[in-house]
K.L.:
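Before I ask anything, here is the structure I am working with.
Heavy atoms only: backbone and side chains are in, while hydrogens, waters and symmetry mates are out.
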Amino acid sequence: MFSLPTLTLRSSGTLPGCVRLTPPPRSAATKRRRLQIRTMRAVVQRVASASVEVEGRTVSEIGPGLLVLVGVHESDTDSDADYICRKVLNMRLFTNESTGRGWDQNVMQKNYGVLLVSQFTLYGFLKGNKPDFHVAMAPQKAKPFYESLVERFRKAYNPDAIKDGVFGAMMKVNLVNDGPVTMQLDSLQSTRNAETAAEEPGK
């Protein structure tokens with residue numbers, strides 16, 4: 001049986017005989033929905049090798065480095081792209097061979113490759129048993145936005161080390177996860193950690 005929300009009647013302090021309708025407090029589920037993360041998302045995997053195939057043809061491949069699956073939200077802006085680019089390139093996920101220290105060097109210090117793959121399903125959620133992707137950025141807007149992200153990586157690092165898949169294509173992504181090591185980044189963190197904009201590589 002369904003119950004209807006209760007409205008509280010209160011006397012108005014301005015006009016006699018009038019009442020003010022006070023809506024019921026928001027449920028916890030409603031508050032959670034309002035606080036959902038709505039930002040660019042990246043799943044970063046440390047790999048021994050990775051490649052992308054389209055229609056049986058290898059279009060991109062790297063040796064050791066990072067495979068980055070990128071989900072673009074409908075509300076993403078250039079600042080979200082800047083944050084993801086900066087954090088991915090500076091994540092210390094590799095061992096320093098000269099000192100033996102683990103989690104000490106980033107992909108640029110190792111001169112490794114980065115393979116970027118657009119994946120709108122990172123913003124999917126289930127309605128019953130069916131996935132829904134409506135919060136992902138629309139393809140006609142997402143394609144140039146994703147391409148600008150790839151260009152950011154190339155400008156921030158060695159252009160020849162940055163590879164990517166084919167936007168909107170059915171891709172087969174092959175990888176050998178090294179570890180395994182997998183990290184998830186959400187660009188909303190940039191608003192809570194503004195100090196990372198000036199982050200030093202040694203920190």
Side-chain angles (χ1 to χ4, degrees), residues 29-47 50-55 57-62 65-91 93 106-107 113-157 159 161-175 177 181-194 196-197 199:
T30 300
K31 291 179 180 178
R32 283 196 298 271
R33 284 195 295 270
R34 291 172 63 88
L35 294 175
Q36 281 180 335
I37 293 175
R38 299 184 181 278
T39 56
M40 183 177 292
R41 177 166 292 164
V43 174
V44 183
Q45 300 183 74
R46 187 179 72 183
V47 298
S51 64
V52 175
E53 293 181 19
V54 176
E55 297 180 349
R57 180 174 63 92
T58 299
V59 296
S60 290
E61 60 183 334
I62 61 170
L66 300 176
L67 170 64
V68 185
L69 306 177
V70 180
V72 182
H73 190 273
E74 60 183 358
S75 64
D76 283 341
T77 65
D78 288 343
S79 63
D80 295 295
D82 289 338
Y83 177 83
I84 290 296
C85 178
R86 183 177 71 252
K87 294 302 286 186
V88 168
L89 292 179
N90 286 283
M91 295 174 73
L93 300 182
N106 61 46
V107 68
V114 178
L115 176 54
L116 299 165
V117 177
S118 175
Q119 188 172 359
F120 71 92
T121 59
L122 290 179
Y123 274 107
F125 61 92
L126 291 178
K127 281 190 173 181
N129 292 318
K130 183 179 180 180
D132 185 304
F133 308 110
H134 78 273
V135 298
M137 187 178 289
Q140 63 270 23
K141 182 181 176 183
K143 183 176 181 180
F145 189 86
Y146 169 75
E147 290 172 347
S148 73
L149 174 68
V150 175
E151 188 60 26
R152 277 178 170 80
F153 273 86
R154 288 177 174 152
K155 288 180 178 179
Y157 185 25
I162 304 300
K163 309 294 182 181
D164 72 312
V166 178
F167 185 92
M170 288 293 295
M171 294 177 278
K172 294 186 183 298
V173 181
N174 305 297
L175 70 145
N177 194 311
V181 173
T182 302
M183 303 283 289
Q184 178 175 306
L185 292 176
D186 287 311
S187 61
L188 182 65
Q189 297 171 14
S190 62
T191 61
R192 295 194 300 264
N193 299 292
T196 58
E199 185 178 58

K.L.:
Check whether any side-chain heavy atom of Leu175 sits under 4.5 Å from a side-chain heavy atom of Gln45, and report yes or no.
P.N.:
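Yes - at least one pair of side-chain heavy atoms lies under 4.5 Å apart.
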K.L.:
Looking at CD1 of Ile62 and CG of Leu116, how far apart are the two atoms once the value is rounded to the nearest 0.5 Å?
P.N.:
9.0 Å
K.L.:
For Ala169 versus Val54, what's the shortest heavy-atom pair and its separation?
P.N.:
CB-CG1, 4.1 Å
K.L.:
How close do Gly71 and Asp76 get, counting heavy atoms only, and between which atoms?
P.N.:
O-OD2, 4.2 Å
K.L.:
Measuring only between side-chain heavy atoms, which start at C-beta, is Arg152 closer than 4.5 Å to Ser148?
P.N.:
yes
K.L.:
Could you walk me through whether Leu66 and Val88 pass the side-chain contact (heavy atoms from CB on, under 4.5 Å) test, one step at a time?
P.N.:
CA-CA 9 Å; Leu66 300 176; Val88 168; 4.0 Å; yes
K.L.:
Is the side chain of Asn90 donor-acceptor paired with the backbone N or O of Arg86 at a distance under 3.5 Å, no angle test?
P.N.:
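Yes, Asn90 side chain to Arg86 backbone: donor-acceptor pair under 3.5 Å.
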K.L.:
Taking the side chain as C-beta and beyond, is there a heavy-atom pair between Glu53 and Val59 under 4.5 Å?
P.N.:
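A side-chain contact under 4.5 Å is absent here.
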K.L.:
Taking atom CE as the centre, does Met183 end up with more than 12 heavy-atom neighbours from other residues, nucleotides or ligands that are less than 6.0 angstrom away?
P.N.:
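No.
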K.L.:
Looking only at heavy atoms, what is the nearest atom pair of Ala156 and Leu89, with distance?
P.N.:
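Residues Ala156 and Leu89, closest heavy atoms: CB-CD1, 3.6 Å.
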K.L.:
Side chain of Arg46, backbone of Leu93: donor and acceptor closer than 3.5 Å?
P.N.:
yes
K.L.:
Would you say that Val68 contacts Val117 through its side chain, given a criterion of any heavy-atom pair below 4.5 Å between the two side chains?
P.N.:
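Of all side-chain heavy-atom pairs linking Val117 with Val68, none is under 4.5 Å.
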K.L.:
Taking it one step at a time, do Asn177 and Thr182 satisfy side-chain hydrogen bond (donor to acceptor under 3.5 Å, both in side chains)?
P.N.:
CA-CA 8 Å; Asn177 194 311; Thr182 302; 3.3 Å; yes
K.L.:
Quick one: do Met91 and Val107 satisfy side-chain contact (heavy atoms from CB on, under 4.5 Å)? Show the steps, please.
P.N.:
CA-CA 8 Å; Met91 295 174 73; Val107 68; over 6 Å; no
K.L.:
So, are Arg154 and Asp164 salt-bridged, with charged N and O less than 4.0 Å apart?
P.N.:
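A salt bridge is present here (some side-chain N lies under 4.0 Å from a carboxylate O).
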K.L.:
As an exercise, state the distance from SG of Cys85 to CE of Met40, rounded to the nearest 0.5 Å.
P.N.:
10.0 Å
K.L.:
Quick one: does Ile84's side chain get under 4.5 Å of Ser187's, heavy atoms only?
P.N.:
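Side chain of Ile84 against side chain of Ser187, heavy atoms only: contact under 4.5 Å found.
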K.L.:
Quick check for you: to the nearest 0.5 Å, what is the distance between Asp186 atom CG and His73 atom NE2?
P.N.:
10.5 Å
K.L.:
Can the ring centroids of His134 and Phe120 be said to lie less than 6.0 angstrom from one another?
P.N.:
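They do not qualify: ring centres at least 6.0 Å apart.
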K.L.:
Once rounded to the nearest 0.5 Å, what's the spacing between atom CZ of Phe145 and atom CG of Asp78?
P.N.:
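Going from CZ on Phe145 over to CG on Asp78, the span is 6.0 Å.
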K.L.:
Are any of the side-chain heavy atoms of Leu115 and Val52 separated by less than 4.5 Å?
P.N.:
yes
K.L.:
Let me confirm one number: the NZ-CG distance from Lys163 to Leu67, rounded to the nearest 0.5 Å.
P.N.:
14.5 Å
K.L.:
Taking atom types as modelled and ignoring hydrogens, do the side chains of Ser79 and Asp82 form a donor-acceptor contact shorter than 3.5 angstrom?
P.N.:
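Side chains of Ser79 and Asp82: no pair found under 3.5 Å.
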K.L.:
Give, for atom NZ of Lys155 and atom CD1 of Ile162, the distance between the pair rounded to the nearest 0.5 Å.
P.N.:
13.5 Å
